[in-house]
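Below: the structure, in structure tokens.
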Protein chains: 4
Amino acid sequence: MKREKPKYMQIIDAAVIVIAENGYHGSQVAKIAKQAGVADGTIYLYFKNKDDILISVFKEKMGVFIERLREIAHRPISTEEKLYELVKNHYTILQNDHHLAIVTQLELRQTRKPLRTKISDILREYLSLYDYILKEGIENGVLKDSIDIRLLRQAIFGMIDETSTSWVMTGQKHNLVSLTDEVHQLILHGLKK
Amino acid sequence: MKREKPKYMQIIDAAVIVIAENGYHGSQVAKIAKQAGVADGTIYLYFKNKDDILISVFKEKMGVFIERLREIAHRPISTEEKLYELVKNHYTILQNDHHLAIVTQLELRQTRKPLRTKISDILREYLSLYDYILKEGIENGVLKDSIDIRLLRQAIFGMIDETSTSWVMTGQKHNLVSLTDEVHQLILHGLKK
Amino acid sequence: MKREKPKYMQIIDAAVIVIAENGYHGSQVAKIAKQAGVADGTIYLYFKNKDDILISVFKEKMGVFIERLREIAHRPISTEEKLYELVKNHYTILQNDHHLAIVTQLELRQTRKPLRTKISDILREYLSLYDYILKEGIENGVLKDSIDIRLLRQAIFGMIDETSTSWVMTGQKHNLVSLTDEVHQLILHGLKK
Amino acid sequence: MKREKPKYMQIIDAAVIVIAENGYHGSQVAKIAKQAGVADGTIYLYFKNKDDILISVFKEKMGVFIERLREIAHRPISTEEKLYELVKNHYTILQNDHHLAIVTQLELRQTRKPLRTKISDILREYLSLYDYILKEGIENGVLKDSIDIRLLRQAIFGMIDETSTSWVMTGQKHNLVSLTDEVHQLILHGLKK
DNA sequence: AATGAATGAGAGTTCATTCAT
DNA sequence: AATGAATGAACTCTCATTCAT
């Protein structure tokens with residue numbers, strides 16, 4: 001006997017697929033409902049409105065990023081190694097889920113302010129783990145203490161995010177995870193020879 | 001005799017203001033026309049359709065970034081100095097035009113694929129100047145030659161773009177240009193002490 | 001319990017009235033929706049677009065002409081009598097529905113090519129019944145066999161259509177059906193004494 | 001030195017071509033102006049508005065039909081011969097000007113009421129010549145005197161018009177004028193053997 | 001007489017959300 | 001809990017006409 005996933009996750013998963021395949025603007029509630037195998041109205045038993053679906057998609061999926069990075073942050077390894085795992089983790093999750101990669105890197109950015117604000121809130125939890133690792137690195141004398149920690153965090157995230165977006169936009173052809181070494185080098189030592 | 005700005009630039013400038021103040025989705029053609037002081041129909045004498053306005057806004061404004069960076073790229077100064085000016089130039093233009101900053105960092109990203117593709121094409125010209133500077137730096141033995149140049153470019157642009165976006169999202173309160181030194185440090189030498 | 005006509009026919013009927021009273025160009029979808037007592041959007045649950053409403057109106061209404069003429073064509077009566085009933089049938093349907101008469105004789109002709117082509121296709125089925133009767137008449141030696149059947153059909157339809165249009169344009173004042181005898185005479189024997 | 005046609009006829013002729021090639025709805029004033037080689041505004045020095053162009057087109061072109069039919073009506077020939085020439089004249093003019101045929105048989109019918117009323121007025125003069133010939137035929141005892149003259153006129157015009165329209169709609173492939181004999185037969189003697 | 005840049009009113013269609021069943 | 005038919009607000013673009021030059 002087939003045990004159905006609870007409808008909530010069923011709808012979340014449907015949304016990721018529909019958005020990845022049709023783009024944010026081509027993803028009507030009716031389409032998501034059909035993909036999930038439920039009626040249009042049923043969606044509204046589990047989500048307040050369409051934005052709520054998207055926020056929930058992002059929250060659920062970011063949960064994976066956060067969970068794994070939290071584990072990394074607490075491993076008994078060096079800051080350099082933690083930063084290496086941070087990059088690798090981000091790339092790995094995206095590379096393993098092409099639909100998710102499209103949704104987070106491209107589609108979810110085409111949203112208006114209220115939604116974008118909610119997305120930022122969720123991202124904040126992920127980025128606070130960056131801060132945790134960076135703070136530790138500074139305290140241990142491994143990282144520069146002359147630069148504002150928010151700026152360090154933005155610099156790292158900016159590099160990872162931009163490289164991920166480029167990878168998605170060029171059709172996800174090359175191997176994203178294999179960039180880890182080089183990006184790790186750049187984060188720690190910069191471009192100078 | 002009243003000498004008016006040519007209507008084309010008049011509409012472009014109106015569009016930047018309207019989009020910055022109302023968001024991309026709140027910027028109806030009628031609103032842009034009103035801000036520009038022309039009739040709705042007049043817009044269509046100068047632009048093919050609404051998307052064409054947005055593309056033209058981006059093209060005209062990126063033109064400033066490109067023009068100034070081109071001049072920097074050809075100055076008789078060191079690669080390190082060129083990279084410094086590159087960062088400073090980007091931050092300066094955004095800081096001097098708050099409306100433009102909102103439009104490029106937030107609003108113009110919420111666009112659907114055909115428009116985004118056009119925007120990418122325009123961005124490419126700007127980024128090819130990054131490549132020019134980077135290539136020169138590698139040839140002169142100043143920059144690492146072990147890392148793919150596209151990756152270097154993405155890393156730099158990612159840092160600048162992410163820090164700019166954060167600045168816009170936090171209300172453009174601090175001084176963006178004053179981040180130049182630190183970001184320049186990070187680009188060249190990374191986070192490691 | 002309120003038994004409503006199915007919405008499809010409700011909208012068709014509303015369209016005939018609205019077009020007859022406001023003319024083809026004065027018949028906005030919103031006006032038809034209001035007359036039908038449904039929301040604008042409901043129209044699009046039953047029709048692909050505005051043209052589809054008009055095509056459906058013509059198809060449904062021509063259905064009556066066709067159905068009755070088909071019955072006449074198969075009656076065990078002479079060709080002369082069939083032609084008499086053919087004329088009378090056409091006139092009777094128009095005279096009994098003033099709105100329909102205006103729509104078919106005047107308004108539906110002001111349409112652009114794609115729509116007109118669809119209308120021609122529907123008309124073809126009606127005219128093929130003319131052919132059936134004419135062919136039978138020729139085979140039975142009642143009608144001239146020296147003239148192309150398509151030309152005979154066009155001549156008959158041309159007379160009926162032109163007299164109907166004149167009747168509509170002059171305000172439907174005289175009795176259209178009462179022309180049947182004379183027109184029948186002309187069809188069979190011409191103007192010559 | 002090239003003596004230019006007066007602009008009035010230049011615009012009329014341009015209108016016929018533009019309407020025939022683009023259809024009534026595709027014939028913007030700007031397009032007609034361009035074809036005529038004048039500025040948009042110039043049109044309004046010669047015509048009150050767009051409808052006035054169309055009415056003038058019809059009036060000018062019907063003038064040819066009328067002029068030739070008037071000459072026929074007054075020839076010293078029999079009523080049967082006059083009716084023969086009437087049909088032949090109509091077909092000949094249409095066959096010799098493909099653009100005109102499209103405009104009168106198809107495009108000019110897609111117009112709203114006020115314009116159509118004006119067109120009817122112009123047509124009336126043409127049809128009064130039908131009446132003249134028919135009256136003469138009745139008085140001479142050649143034609144039936146039992147049928148209303150308006151009905152006779154509508155029957156004849158209906159046949160000619162419907163056959164002309166069919167010819168245009170099927171791409172003007174066969175020879176229209178060669179239908180004259182058969183149509184003349186039908187008008188005089190009907191379908192009966 | 002001729003120009004052509006500027007005007008601005010007007011309507012088809014989509015889709016998130018509701019609610020009677 | 002689940003359905004899905006019905007709702008109705010919202011916006012781009014065209015084109016006949018004007019009028020300053």
Side-chain angles (χ1 to χ4, degrees), chain A residues 6-8 11 25-34 36-54, chain B residues 1-2 4 6-8 10-11 25-34 36-53, chain C residues 1-2 4 6-8 10-11 25-34 36-54, chain D residues 4 6-8 11 25-34 36-54:
Chain A
K7 292 225 183 348
Y8 175 81
I11 294 167
H25 292 283
S27 299
Q28 297 81 354
V29 171
K31 221 180 247 171
I32 295 173
K34 196 172 180 192
V38 300
D40 296 14
T42 306
I43 299 268
Y44 290 87
L45 298 175
Y46 295 90
F47 300 90
K48 219 165 62 227
N49 52 35
K50 193 182 178 186
D51 274 3
D52 191 30
I53 305 176
L54 300 172
Chain B
M1 181 191 176
K2 198 166 123 207
E4 292 222 317
K7 293 232 185 334
Y8 175 80
Q10 206 171 317
I11 294 167
H25 289 101
S27 299
Q28 297 83 351
V29 170
K31 224 178 244 172
I32 295 173
K34 195 172 180 191
V38 300
D40 294 17
T42 305
I43 299 271
Y44 292 87
L45 296 176
Y46 295 90
F47 300 90
K48 233 175 36 238
N49 50 37
K50 193 183 176 185
D51 272 4
D52 192 29
I53 305 176
Chain C
M1 182 189 173
K2 197 166 125 208
E4 292 223 318
K7 294 233 183 335
Y8 175 81
Q10 206 171 317
I11 294 167
H25 289 101
S27 299
Q28 296 82 350
V29 171
K31 223 178 245 172
I32 296 173
K34 196 172 179 190
V38 301
D40 295 15
T42 305
I43 299 272
Y44 291 87
L45 296 176
Y46 295 90
F47 300 91
K48 230 172 43 233
N49 50 37
K50 192 182 178 185
D51 272 4
D52 192 30
I53 305 176
L54 300 172
Chain D
E4 290 234 311
K7 292 225 183 346
Y8 174 81
I11 293 168
H25 291 284
S27 299
Q28 297 80 357
V29 170
K31 221 178 245 170
I32 295 173
K34 196 172 180 191
V38 302
D40 297 13
T42 305
I43 299 268
Y44 291 87
L45 298 176
Y46 296 90
F47 300 91
K48 220 168 60 229
N49 51 35
K50 191 181 178 186
D51 274 3
D52 191 30
I53 305 175
L54 300 172

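Each chain gets a letter, A, B and so on, in the order its sequence line appears, and its residues count up from 1.
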Under 3.5 Å donor-acceptor, K50(B) side chain and V29(B) backbone
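No, because the side chain of K50(B) does not come within donor-acceptor range (under 3.5 Å) of the backbone of V29(B).
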How close or far is atom [atom2] of [N] from atom [atom1] of [X], stated in whole angstroms?
X: K34(B); N: dA6(E); atom1: NZ; atom2: P; value: 20 Å
X: Q10(B); N: dA6(E); atom1: CD; atom2: C1'; value: 12 Å
X: I32(C); N: dT13(E); atom1: CD1; atom2: C1'; value: 14 Å
X: I43(D); N: dA2(E); atom1: CD1; atom2: C1'; value: 12 Å
X: I11(A); N: dA1(F); atom1: CD1; atom2: P; value: 12 Å
X: F47(C); N: dT13(E); atom1: CZ; atom2: P; value: 13 Å

Which dot-bracket string describes DNA chain E (Watson-Crick N1-N3 plus N6-O4 or O6-N4, or G-U N1-O2 and O6-N3, all under 3.5 Å; [ ] crossing; | other strand)?
.||||||||||||||||||||
Which distance, rounded to the nearest 0.5 Å, do you find between the [atom1] of [X] and the [atom2] of [Y]?
X: I53(B); Y: Y44(B); atom1: CD1; atom2: OH; answer: 6.0 Å
X: L45(C); Y: I11(C); atom1: CG; atom2: CD1; answer: 8.0 Å
X: I43(A); Y: K7(A); atom1: CD1; atom2: NZ; answer: 11.0 Å

Can you tell me if K7(A) touches the phosphate of dA2(F), counting only side-chain N or O atoms and a distance under 4.0 Å to OP1 or OP2?
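For dA2(F), OP1 or OP2 has a side-chain N or O of K7(A) closer than 4.0 Å.
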Verify the contact: side-chain N or O of Y46(B) to OP1 or OP2 of dA6(E), cut-off strictly under 4.0 Å; return yes or no.
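Answer is yes, contact under 4.0 Å.
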Aromatic ring pairing H25(B)/H25(A), orientation class (parallel under 30°, perpendicular over 60°, tilted between):
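Tilted, since the angle between the ring planes falls between 30° and 60°.
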Output one letter per nucleotide in nucleotides 12-21 of chain F: B when a protein non-hydrogen atom lies under 4.0 Å from the base, S when only the sugar-phosphate is that close, - when neither is.
SBBSSBB---
